Amino acid sequence: MNKTVSILGSTGSIGTQSLEVCEKHNIKVTALAAHSSTEMLEQQTRKFKPSVVCIYREDKYSELKERLADTGVKVLCGMEGLCEIAEMDESDIVLNSVVGMVGLLPTLTAMEKGKNVALANKETLVAGGKIVTDLAKKKGIKIYPIDSEHSAIFQCLQGNRREQLSKIILTASGGPFFGKTYDELKTVTKAQALKHPNWDMGNKITIDSATLMNKGLEFIEAKWLFDLEPEQIEIVVHRQSVIHSAVEYNDYSVIAQMGVPDMKIPIQYSLLYPDRMECPTGRLSLTDYGTLTFAKPDYETFKCLSAAIEAIKRGGAYPCLVNSANEEAVRAFLNDEIQFIDIGEIVSSVLERFEYFDISTYEDVTKADSMAREYVRNTVAAKK
């Protein structure tokens, strides 16, 4: 392949799998960025030989620079470093798989430079959906979704008329606590919440999958990615994670994308689009699964999911507020400051805590982000 890519979040689950795909198809890696893992970033740098690397944690900069002193590789740090990589002329596409609100500004930076983006950072569209999609239209660039669900929808739309779409069906694994009651969730431990039935992911997204906030964020993303009304998005719990999502057209035909639950498939599609080539993953055998099941989500028990959907229905800053509140609440849970059940309670309370205001600039996003985080920190402190 003649494509070149910069990977933001290279040491995370999506990042490492992206590098597998790049290696498989000889995609040139021009730059790498990681949050704090200097050792792994050094290993990746020596193997893939990018010209530039960035460590987001500024206190890790000196260590990384020393590790790579013999390589001649340019070493950057912080948000400034992420944005410098995002706008590099040498990259055809920027793959953004960083976790959290950190991902929004590099996405906007890449798009301002006219770069296509392979997007695994949910917060980019959840917090800044209108800003991002308006900029994509203005610049004429493409956003290739990496989430398995959004990639599935993107694939199901190929070769069909967009205006004939009736609705999309977002599938959800249901997480490790499918079928549990609200009272049963009160005793959930961190170890239990970090054990996902189908996917191997980072801690934050694994907790989001357990609370179903992940599906709420994907609901918001889908609205922006595919220019939908909330009423056109249906969530269906599909425990086997074989059907990654589906599209219903106005003749009631439903087209689904299926495959083994392996993120390398949507990663590869985003990087090689529109080409399809052999993927470093397993083949799907429907007979091995035997049975595929479907159920409705429990919106009352999993309050994060309900809060996210209500947020996008209200619009304005609400999606950003619930997203940032969730990030802070998950951080508190992982630090043993609150219980699992508290995450949904805190995220839901944001909807009534703040009045409506619009999001039209990046500064509006950062304002909403700061407000929500401060509120959650104060709420967590009050519980101690």
Side-chain angles (χ1 to χ4, degrees), residues 1-33 44 47-51 85-98 103 106-107 110-111 113-122 124-125 132 136 139-160 162 199-201 218 221-222 225-226 241-247 255-284:
M1 301 297 296
N2 293 321
K3 288 190 176 182
T4 56
V5 62
S6 293
I7 300 177
L8 309 183
S10 66
T11 59
S13 175
I14 296 295
T16 53
Q17 292 178 85
S18 298
L19 286 171
E20 285 184 56
V21 171
C22 290
E23 185 176 23
K24 168 81 173 176
H25 297 292
N26 296 315
I27 299 171
K28 171 62 179 172
V29 178
T30 55
L32 294 171
Q44 292 176 343
K47 180 174 183 178
F48 291 94
K49 297 178 171 54
S51 58
I85 284 177
E87 62 182 1
M88 283 174 57
D89 290 332
E90 294 83 353
S91 303
D92 297 323
I93 189 167
V94 175
L95 190 153
N96 187 347
S97 65
V98 303
T107 298
M111 293 169 67
K113 192 72 172 179
K115 302 225 173 260
N116 292 333
V117 177
L119 191 61
N121 173 256
K122 297 183 188 309
T124 287
L125 285 170
V132 173
K139 293 289 186 176
I141 62 99
K142 301 290 186 184
I143 301 173
Y144 298 113
I146 288 181
D147 270 347
S148 62
E149 295 83 357
H150 299 116
S151 176
I153 294 160
F154 180 61
Q155 293 181 56
C156 292
L157 289 170
Q158 301 306 305
N160 293 286
R162 173 62 183 76
W199 298 94
D200 181 17
M201 306 173 290
E218 289 173 5
E221 280 187 281
L225 274 171
F226 306 110
S241 296
V242 168
I243 296 177
H244 297 298
S245 277
V247 169
I255 297 177
Q257 188 264 333
M258 306 170 72
V260 294
D262 191 313
M263 286 302 299
K264 287 189 285 292
I265 295 174
I267 290 168
Q268 178 170 299
Y269 193 68
S270 73
L271 291 177
L272 301 185
Y273 177 84
D275 294 326
R276 291 184 183 273
M277 302 175 73
E278 183 181 349
C279 188
T281 186
R283 282 179 164 164
L284 172 66

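Keep in mind it's a predicted model, so treat the numbers as computed, not measured.
- Residues meeting the salt bridge (Lys or Arg N to Asp or Glu O under 4.0 Å) test with E218, sequence neighbours left out: K122, K215.
- For the ring-ring contact (aromatic ring centres under 6.0 Å, His included) test, residues two or more places apart in sequence or in another chain that qualify with Y144 are Y273.
- Not counting sequence neighbours, K142 has no partner by the salt bridge (Lys or Arg N to Asp or Glu O under 4.0 Å) test.
- Under the side chain to side chain donor-acceptor pair (under 3.5 Å) criterion, E90 pairs with no residue at all, not counting sequence neighbours.
- Considering only residues two or more places apart in sequence or on other chains, T11 meets the side chain to side chain donor-acceptor pair (under 3.5 Å) condition with none of them.
- Between T124 and V132 the shortest heavy-atom distance is O-CG2, 3.6 Å.
- Legend: residues meeting side chain to side chain contact (heavy atoms under 4.5 Å, CB included) with A110, ordered by chain and number and at least two apart, are A86, V94, K115, V117.
- Between the CG atom of D147 and the CZ atom of F154 there is a distance of 14.0 Å, given to the nearest 0.5 Å.
- For the side chain to side chain contact (heavy atoms under 4.5 Å, CB included) test, residues two or more places apart in sequence or in another chain that qualify with A120 are I14, S97, I146.
- The backbone N or O of N96 sits nowhere less than 3.5 Å from a side-chain atom of N121 that would complete a donor-acceptor pair.
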Which is it for T107 and L125 under the side-chain contact (heavy atoms from CB on, under 4.5 Å) test, yes or no, and what are the steps along the way?
CA-CA 10 Å; T107 298; L125 285 170; over 6 Å; no
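- Between the H244 side chain and the G259 main chain, a donor and an acceptor come within less than 3.5 Å of each other.
- Pairs passing the salt bridge (Lys or Arg N to Asp or Glu O under 4.0 Å) check and including a residue from residues 10-21, sequence neighbours excluded, read E20-K264.
- Considering only residues two or more places apart in sequence or on other chains, T16 meets the side chain to side chain contact (heavy atoms under 4.5 Å, CB included) condition with M40, Q44.
- A search for side chain to side chain donor-acceptor pair (under 3.5 Å) contacts involving Q268 returns H25, not counting sequence neighbours.
- Between the side chain of D92 and the main chain of T4, a donor-acceptor pair closer than 3.5 Å is present.
- Minimum heavy-atom separation, D275 to Y269: O-CD1, 4.4 Å.
- Applying the salt bridge (Lys or Arg N to Asp or Glu O under 4.0 Å) criterion to K47, with sequence neighbours excluded, gives E23.
- In this structure S6 satisfies the side chain to side chain donor-acceptor pair (under 3.5 Å) test together with T30, S91, sequence neighbours excluded.
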